[in-house]
Amino acid sequence: MAAMNKPKRYSPEEVEPKWQKAWDEAGVARAEEGSDKPKFYVLEMFPYPSGRIHMGHVRNYTLGDVLARYKRAQGFNVLHPMGWDAFGMPAENAAMQKGVHPKAWTYDNIAYMKGQLKRLGFSLDWSREFATCDPEYYKHEQAMFLDFMDAGLVERQKALVNWDPVDQTVLANEQVIDGRGWRSGALVEKRELDQWFLKITHYAEDLLKGLDELDKWPEKVKVMQRNWIGRSEGARFTFRLVDEQGKEWPEPLPVYTTRPDTLFGASFVALSPDHPITKKLAENDPAIAEFIRECAALGTSEEAIEKAEKKGVRLPLYAIHPFRPEVKLPVYAANFVLMTYGEGAIFGCPAHDQRDLDFARKYGLPVIPVVCPKDTPPEKCEIGDEALTDSERDDLVMINSDWMNGMTPKEAKEAAIAKLEEMGIGERKVNYRLRDWGVSRQRYWGCPIPVIHCPECGIVKVPKEDLPVTLPEDVTFDEPGNPLVRHPTWKHVKCPQCGGDAERETDTFDTFIDSSWYYARFCSPHADVPVDLEKAKYWMPVDQYIGGIEHAILHLLYSRFFARAMKDTGHLHLKEPFAALFTQGMVVHETYKTESGEWVEPALVERREDGLYHRETGERIIAGPVEKMSKSKKNVIDPEAIVEKYGADTARWFILSDSPPERDIEWTEAGVEGAWRFVQRVWRLIDEIADVTAPTERPDNLGDDALALRRAAHRTLAAVTKDIEALRFNVAIARIHELVNAISQALRKGGGNPPEDLAFALREAAELLVQMFAPMMPHLAEECWQRLGRQGLVAQTSWPRAEETLLQQDTVKMAVQVNGKRRTEMEVPKDAPREEIEKLALQQDAVQRAIAGKQVRRIIVVPGRIVNIVAS
RNA sequence: GCGGGCGUGGCGGAACCGGUAGACGCAGCGGACUUAAAAUCCGCAGGGCGCAAGCCCGUGAGGGUUCGACUCCCUCCGCCCGCACCA
């Protein structure tokens with residue numbers, strides 16, 4: 001008989017804080033080096049301290065926490081740290097809008113969000129916490145930058161940037177909307193500024209090759225990175241140029257091509273509007289100058305590029321065809337030729353390149369096919385509106401190409417390159433789309449770049465002993481622009497070399513630098529070097545990295561680059577920081593609008609019999625599509641409200657159920673209610689079983705019910721173990737549901753006073769159940785564990801092992817098919833001989849009916865699964 | 001245009017290596033308990049025909065391989081994501 005005062009209902013608001021405290025005190029999440037256990041480093045992408053945790057965080061960190069808790073139980077020494085990606089523009093925006101200092105705003109947010117993460121019960125090692133805006137963190141970033149400079153991995157280049165003349169700052173491409181600054185609305189200008197660049201291109205080939213080894217990364221991400229790096233093989237060669245009088249231009253013109261095989265089809269040469277020759281010619285030719293202006297005004301927005309017509313302007317030059325000196329190709333400046341790729345100049349072969357074809361048609365240039373399908377006679381080979389761009393197909397052959405005629409395009413490529421090399425005017429060349437990484441930002445809330453500009457000595461590195469270069473705190477945000485520039489004293493320093501007056505660099509680093517090495521810092525967060533190599537050698541690489549797909553290129557590529565640069569400067573020992581990557585799906589929610597088209601938040605929507613209504617105004621509400629939670633569409637569910645109402649375990653359980661973690665999950669009230677009911681149901685079940693008196697030793701003879709339950713429990717354990725390993729949490733949860741159903745049924749069968757054997761099985765199953773869901777619902781698990789009278793924390797208990805003998809069955813159910821159609825099923829002994837199974841199958845009534853009047857031709861037996869009788 | 005992925009009940013999704021399609025959950029329906037409701041518990045549930053036993057159809061469409069296909073191959077349709085004047 002249960003005690004009267006026992007809580008009927010599980011109350012997370014009381015239970016959860018209690019266990020969170022217990023975990024803290026027991027140091028459950030503490031990771032220590034020097035353990036003889038194998039290590040496991042699980043990391044989720046650290047958050048930007050925007051103010052509050054959102055559902056995406058809940059999903060991300062729940063996935064990681066399940067894995068961390070599971071691996072700990074499996075006997076791993078687990079590193080599961082958390083920190084803050086704390087530099088960035090929102091802090092400055094808050095400063096401008098609300099008058100708070102970015103630092104205060106950031107640290108307040110961190111404090112608040114840390115509390116939220118704790119209330120969600122994540123087993124994080126907070127002793128390793130840091131924020132990237134801590135000078136203790138960024139001073140190491142500055143030191144490494146100096147080392148990168150010494151290693152030749154840093155360059156200062158002029159670069160075209162988006163300049164907002166009102167806010168007086170550089171904007172990222174994403175911050176330019178329809179040619180205007182997203183905050184100021186001012187027309188953005190293109191400015192050429194001196195910027196710091198990290199030479200990521202130095203590792204282009206290695207970053208590409210490294211992808212092949214990352215067998216635990218999603219193919220999708222690797223493909224995106226491959227495309228981004230954009231390796232292409234071709235040739236670089238030069239054209240001789242002559243002017244209209246036939247006078248030789250002083251310099252030959254280099255071009256890059258991936259299709260040297262099509263050289264005989266060339267009908268023009270085109271330069272980028274930004275090409276030095278174009279600019280030079282524009283000095284004396286207003287038409288060219290006007291064209292350059294036009295192209296610059298068009299901007300670089302994707303939309304503009306997409307819509308832009310192929311356009312060009314004739315330059316007063318001809319290019320001499322390298323293989324046919326008598327042929328002079330007209331030279332144009334064309335808007336589709338990019339200065340930033342290859343040599344900023346191309347030869348146009350309209351027959352085999354769509355852009356060239358469009359251009360040729362517009363300007364009436366010849367279209368000479370040089371590649372032709374084998375079964376088409378050369379004279380019939382014509383190009384309409386579409387260029388023939390294939391070159392890999394084997395059924396293609398070169399035509400109109402002098403000595404290359406008859407070759408395949410592949411052979412012709414080789415032949416053309418050989419010829420260009422022989423002539424001494426070109427060579428084989430690999431090109432990459434990847435550009436160097438511009439890291440200068442004209443912002444305050446970022447890591448200061450540790451260099452000094454001296455009028456005498458030029459660029460001078462800040463001596464390492466003077467690091468960190470810290471941000472001044474007495475800055476104002478009442479004017480646009482970078483407060484570091486107008487700070488009265490900060491930038492004025494003596495040159496470390498000559499002692500004369502000099503100025504600090506006032507740009508700060510792109511915040512992507514901060515997140516490019518934080519994973520390594522977690523190994524030794526308090527070390528006085530960027531990374532303690534001994535510790536990094538123990539913990540790195542990250543065994544499982546988890547985060548959103550939106551970082552597929554930027555963050556993940558920068559991190560891979562940084563690891564390489566750190567390795568080459570002695571700060572790390574490996575090139576690939578993340579051994580396994582998991583990209584989670586988004587949390588989505590239905591959207592709601594009033595009839596007048598205003599977005600309505602879910603909390604204000606009331607579900608009535610005949611539809612949806614506004615809780616306050618009573619207006620009709622129309623449900624819209626299910627979309628990513630976003631403030632603008634108001635379809636946001638605040639995790640804090642969920643935790644308050646249902647507790648962390650319910651939130652965690654729901655977000656893990658139903659949808660596989662890589663897919664989007666729809667947050668629904670009904671789904672959360674379901675999870676909540678399950679939490680209560682488990683609690684009631686454990687509560688009842690705790691009252692059953694059970695033997696501690698397994699009774700010798702187990703009845704059918706007890707044996708069946710033991711089998712169910714151990715089979716579930718085996719399945720759940722596999723599913724967690726594979727991050728198939730939704731399936732693991734389904735198995736756990738099944739086990740709960742099985743235990744409930746067994747408990748009902750046993751009545752209030754089950755026999756000894758069943759009592760033992762019930763207890764065993766209950767304990768296994770609790771251990772299985774502990775990584776997902778850790779608080780409930782501890783409470784149940786205690787209720788079952790077990791000592792210690794589940795969080796510190798080893799993962800149970802399934803008993804092998806219980807996983808096997810004495811008899812198996814086999815389906816019986818006739819001609820591939822299932823007719824019946826039968827129970828046969830596990831290792832019944834083949835003949836026995838065939839005989840039994842043929843005896844089945846349903847089989848007899850199905851084969852009546854037919855001849856049995858063949859019987860296929862798949863042991864333990866099916867029998868298929870082929871009859872005709 | 002190029003690249004990647006995905007199409008399974010009303011919904012989210014299961015299905016090991018080619019072997020009983022639809023586990024589990026949500027929503028739904030019926031019943032028990034209750035004065036009533038909530039909660040809880042029991043049961044039903046892909047579609048069609050049938051009183052039933054049972055039979056037929058069924059994993060986007062069509063074809064192929066196979067004793068057997070959600071799974072492998074080909075063609076097509078649809079959706080999602082990424083990249084995109086990259087020579």
Side-chain angles (χ1 to χ4, degrees), chain A residues 8-9 218-228 230-232 234 255-259 262 270 272 302 304-306 308-310 334-338 340-349 352-356 358-359 386 389 431-435 549-550 552-553 626 654 657-660 662-666 668-675 677-678 680-681 684 719 722 728 730-741 744-745 748 813-825 845-846 849-850 857-872:
Chain A
K8 273 269 177 283
R9 187 171 162 277
E219 198 51 40
K220 183 181 176 146
V221 174
K222 291 194 278 186
V223 167
M224 281 163 74
Q225 293 210 357
R226 276 189 198 107
N227 291 341
W228 186 262
R231 184 184 200 273
S232 71
V255 298
Y256 177 73
T257 179
T258 54
R259 296 294 305 274
T262 64
S272 164
E302 275 156 44
I305 288 168
E306 204 169 342
E309 199 191 343
K310 305 282 169 289
N335 62 351
F336 64 94
V337 182
L338 307 172
T340 45
Y341 186 81
E343 302 291 336
I346 60 155
F347 75 82
C349 176
H352 306 293
D353 183 290
Q354 193 58 48
R355 292 155 305 170
D356 297 351
D358 296 346
F359 191 80
E386 273 188 41
T389 54
N431 238 329
Y432 300 92
R433 215 180 67 108
L434 185 70
R435 310 281 153 66
I549 187 81
E550 66 274 18
I553 295 176
V626 174
F654 172 64
S657 334
D658 291 352
S659 294
E662 69 277 11
R663 259 187 245 180
D664 290 353
I665 187 167
E666 185 183 351
T668 61
E669 187 69 14
V672 186
E673 291 283 355
R677 280 200 301 271
F678 183 73
Q680 297 298 342
R681 187 174 169 214
R684 277 195 307 274
K722 251 172 79 184
R728 292 152 35 101
N730 58 321
V731 185
I733 282 177
R735 302 279 161 264
I736 291 172
H737 269 287
E738 282 173 317
L739 180 59
V740 168
N741 291 342
S744 302
Q745 222 163 49
R748 231 179 306 125
K813 265 190 190 151
M814 289 181 73
V816 184
Q817 299 180 329
V818 175
N819 291 332
K821 269 201 173 107
R822 178 179 173 278
R823 290 297 162 181
T824 185
E825 63 179 30
D845 287 348
R849 272 199 307 276
R857 304 281 172 197
R858 212 174 135 188
I859 303 182
I860 290 124
V861 177
V862 183
R865 294 204 180 268
I866 63 134
V867 181
N868 190 10
I869 295 161
V870 186
S872 60

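Residue numbers start from 1 in every chain, and the chains themselves are labelled A, B, ... in the order their sequence lines are given, proteins ahead of strands.
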Span that lies between the P atom of B:G58 and that of B:U71, in whole angstrom:
14 Å
Quick one: which of B:C41, B:C67, B:C85 gets closest to the side chain of A:Arg858?
B:C67
Separation of A:Met224 atom CE from B:A84 atom P, in whole Å?
10 Å
Work out which heavy atom in A:Tyr256 is nearest to a heavy atom in A:Ile346; give both atom names and the distance.
O-CG2, 4.5 Å
CG of A:Asn819 versus P of B:U66: gap in Å, rounded?
15 Å
Which residues pass the ring-ring contact (aromatic ring centres under 6.0 Å, His included) test with A:Phe336, not counting sequence neighbours?
A:Phe359
Between B:C42 and B:G25, how many Å separate the two P atoms, rounded to a whole number?
11 Å
Taking only the P atom of each, what is the distance from B:G47 to B:G7 in whole angstrom?
22 Å
Taking atom C1' in both B:C57 and B:A21, what distance in whole Å separates the two?
14 Å
Salt bridge (charged side-chain N to carboxylate O under 4.0 Å, His left out) partners of A:Asp353, counting only residues at least two apart:
A:Arg355
Give the nucleotide from the list B:C85, B:C67, B:C56 with an atom nearest to the side chain of A:Phe336.
B:C85
side-chain hydrogen bond (donor to acceptor under 3.5 Å, both in side chains) filter on A:Asn730, not counting sequence neighbours, yields none
Just checking, is any N or O donor in the side chain of A:Arg681 or A:Asn741 under 3.5 Å from an acceptor N or O on the other one?
yes
Distance from A:Thr257 atom OG1 to A:Glu343 atom CD, nearest 0.5 Å?
11.5 Å
In whole angstrom, what separates A:Gln680's CD from B:C41's P?
11 Å
Who passes salt bridge (charged side-chain N to carboxylate O under 4.0 Å, His left out) against A:Glu550, sequence neighbours left out?
none
Distance, rounded to the nearest Å, where A:Asn335 contributes CG and B:C86 contributes P
12 Å
If the sugar-phosphate is the primed atoms plus P, OP1 and OP2 and the base is the rest, what is the B/S/- string for nucleotides 12-28 of chain B, using protein heavy atoms under 4.0 Å?
BSSSB--BB--BSSSS-
Considering residues at least two apart in sequence or located in another chain, which fulfil the side-chain hydrogen bond (donor to acceptor under 3.5 Å, both in side chains) criterion with A:Arg226?
A:Asp212
Minimum heavy-atom separation for A:Trp228 and A:Arg433, please, with both atom names.
CE3-NH2, 3.1 Å
Please measure how far the C1' atom in B:G28 lies from the corresponding atom in B:C17, and state the result in whole Å.
38 Å
Applying salt bridge (charged side-chain N to carboxylate O under 4.0 Å, His left out), name anything that partners A:Arg823, two or more places apart in sequence or on another chain.
none
Interatomic distance at C1', B:C49 relative to B:G5, whole Å
40 Å
Give A:Val337 one of three labels, base, sugar-phosphate or nothing, depending on what nucleic acid heavy atoms sit under 4.0 Å from its own.
base
Conformer about C1'-N of B:C24 - syn within 90° of 0, anti elsewhere:
anti
P atoms of B:A15 and B:U8, separation to the nearest Å
15 Å
Run the side-chain hydrogen bond (donor to acceptor under 3.5 Å, both in side chains) test against A:Gln354 and tell me which residues pass, sequence neighbours left out.
A:Asp358
Rounded to the nearest angstrom, tell me the gap between atom OH in A:Tyr341 and atom P in B:A84.
13 Å
Please work out whether B:G4 sits syn or anti, treating a glycosidic angle within 90° of 0 as syn.
anti
Take the protein atom CD1 of A:Ile549 and the nucleotide atom P of B:C6, then report the distance between them rounded to whole Å.
13 Å
Please confirm whether the shortest side-chain N or O distance from A:Arg748 to OP1 or OP2 of B:U40 is below 4.0 Å.
no
Distance check needed: B:G1 P versus A:Gln354 CD, whole Å only.
11 Å
Run through RNA chain B and report every stem of 3 or more consecutive Watson-Crick or G-U pairs, distances under 3.5 Å, ordered by first number.
B:1-7 with B:77-83, B:10-12 with B:24-26, B:28-32 with B:40-44, B:46-49 with B:54-57, B:60-64 with B:72-76
Rounded to whole angstrom units, what separation is found between the NZ atom of A:Lys220 and the C1' atom of B:C83?
12 Å
Can you check the distance between B:C29 and B:C67, where both ends of the measurement are the P atom (answer in whole Å)?
48 Å
